Amino acid sequence: MVTTLFVVLGIIVFLLLLLFAYLRVRISYRDQSFSLYVQIGPILYKVPLQKKSKYRSLAKQLRGKKLSASFDKKEKKRERKEKKNVLNELRGDLALTEFLSALKDISIRLAQRYAKKLHIKVEQLHIMVGGSSPAATGIAYGVAAQSTAYLLEFLDSTVTLIPLQKNAVHVTADFSGNWDACIQVKMKIRIIHLLQALFQTFFQLKSAVDTNI
């Protein structure tokens, strides 16, 4: 009995720690290579950005290329049908345009409510722009510098933007015509806030659908 109580208490403590833990996302672009990492506590996961077919070579040998392609098409068609059924079940008899409009309104309200819960840290934002001529390079540099300033201003007014370190943001012009970038951005939000936003979106959508039945 005592052991069972300790196990239950341990599970409750673990769930509470998990709810108040941060979901961290790290975005990296360096040497024309994009990477995305997701971290919860000490667990770090690199998100695969290219879909890899499992056992594709073996499938081709066993079934033949044409049969394998036909099988893949059927699987994709079945997945699309399942997703469509879930969407139809959620929106009920509500027209798709009205459903999307309600989803947009709810998303905007929740984004305004939870946006400050999202913390963003720009560790490095170095952009080098170039053009086919000095004039084109100057224009590209002006557009890139202004767009970067607008982006940082938008983030500062919308989410919780961590104060920038010295030389974290740098836009330069390369009159030889080269383009390059080095970007390192970290984002974090508590899991409980993320779940609250998702649950509220779901229940408000269900309420909007039920009121139109």
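Small disclaimer: the values here were computed from a predicted structure and weren't measured. One-based numbering along the sequence shown.
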Test item: [X] side-chain N/O and [Y] main-chain N/O as donor-acceptor pair under 3.5 Å:
{"X": "His119", "Y": "Val159", "result": "no"}
{"X": "Thr160", "Y": "Lys116", "result": "yes"}
{"X": "Ser147", "Y": "Ala144", "result": "no"}
{"X": "Gln165", "Y": "Asn167", "result": "no"}
{"X": "Ser207", "Y": "Phe203", "result": "no"}

Leu18 and side-chain contact (heavy atoms from CB on, under 4.5 Å): which partner among Ile192, Ile191, Val13?
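Checked Ile192, Ile191, Val13 against Leu18; only one passes side-chain contact (heavy atoms from CB on, under 4.5 Å): Ile191.
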
List the steps and the verdict of side chain to side chain donor-acceptor pair (under 3.5 Å) for Ser176 and Asn178.
CA-CA 6 Å; Ser176 63; Asn178 293 323; 3.2 Å; yes

Side chains of [X] and [Y], heavy atoms from C-beta outward: is any pair under 4.5 Å?
{"X": "Lys188", "Y": "Lys121", "answer": "no"}
{"X": "Asp174", "Y": "Thr137", "answer": "no"}
{"X": "Met187", "Y": "Arg24", "answer": "no"}
{"X": "Thr172", "Y": "Val129", "answer": "no"}
{"X": "Gln184", "Y": "Arg30", "answer": "yes"}
{"X": "Leu19", "Y": "Leu17", "answer": "no"}
{"X": "Leu118", "Y": "Ile120", "answer": "yes"}
{"X": "Val38", "Y": "Leu23", "answer": "yes"}

Angle between ring planes, Phe34 versus Tyr29, binned at 30° and 60°: parallel, tilted or perpendicular?
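Answer is tilted, since the angle falls between 30° and 60°.
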
Ring-plane angle category for His193 and Tyr114, please: parallel below 30°, perpendicular beyond 60°, tilted otherwise.
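It falls in the tilted class, 30° to 60°.
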
List the steps and the verdict of side chain to side chain contact (heavy atoms under 4.5 Å, CB included) for Ile183 and Val185.
CA-CA 6 Å; Ile183 302 172; Val185 178; 3.8 Å; yes

Nearest heavy-atom approach of Gln124 to Cys182 is OE1-SG, 3.0 Å

Answer yes if the side chains of Gln200 and Arg113 hold a donor-acceptor pair under 3.5 Å, and no otherwise.
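Yes, Arg113 and Gln200 have a side-chain donor paired with an acceptor closer than 3.5 Å.
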
Would Gln204 and Leu110 count as a side chain to side chain contact (heavy atoms under 4.5 Å, CB included) if you check the C-alpha gap in whole Å, the side-chain angles of each, and the deciding distance to 0.1 Å?
CA-CA 10 Å; Gln204 289 184 26; Leu110 291 178; 4.2 Å; yes

Step-by-step side chain to side chain contact (heavy atoms under 4.5 Å, CB included) determination, Leu125 to Val171:
CA-CA 8 Å; Leu125 182 56; Val171 181; over 6 Å; no

Is Phe154 atom CZ crowded by more than 12 heavy atoms from other residues, nucleotides or ligands, each under 6.0 Å away?
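Atom CZ in Phe154 is not packed in, count stays at 12 or less.
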
Tell me whether Arg26 forms a cation-pi arrangement with Tyr37, defined as NZ or CZ under 6.0 Å from the six-membered ring centre and within 45 degrees of its axis.
yes

Passes side chain to side chain contact (heavy atoms under 4.5 Å, CB included), Tyr45 versus Val47? Steps please.
CA-CA 6 Å; Tyr45 175 70; Val47 179; 4.2 Å; yes

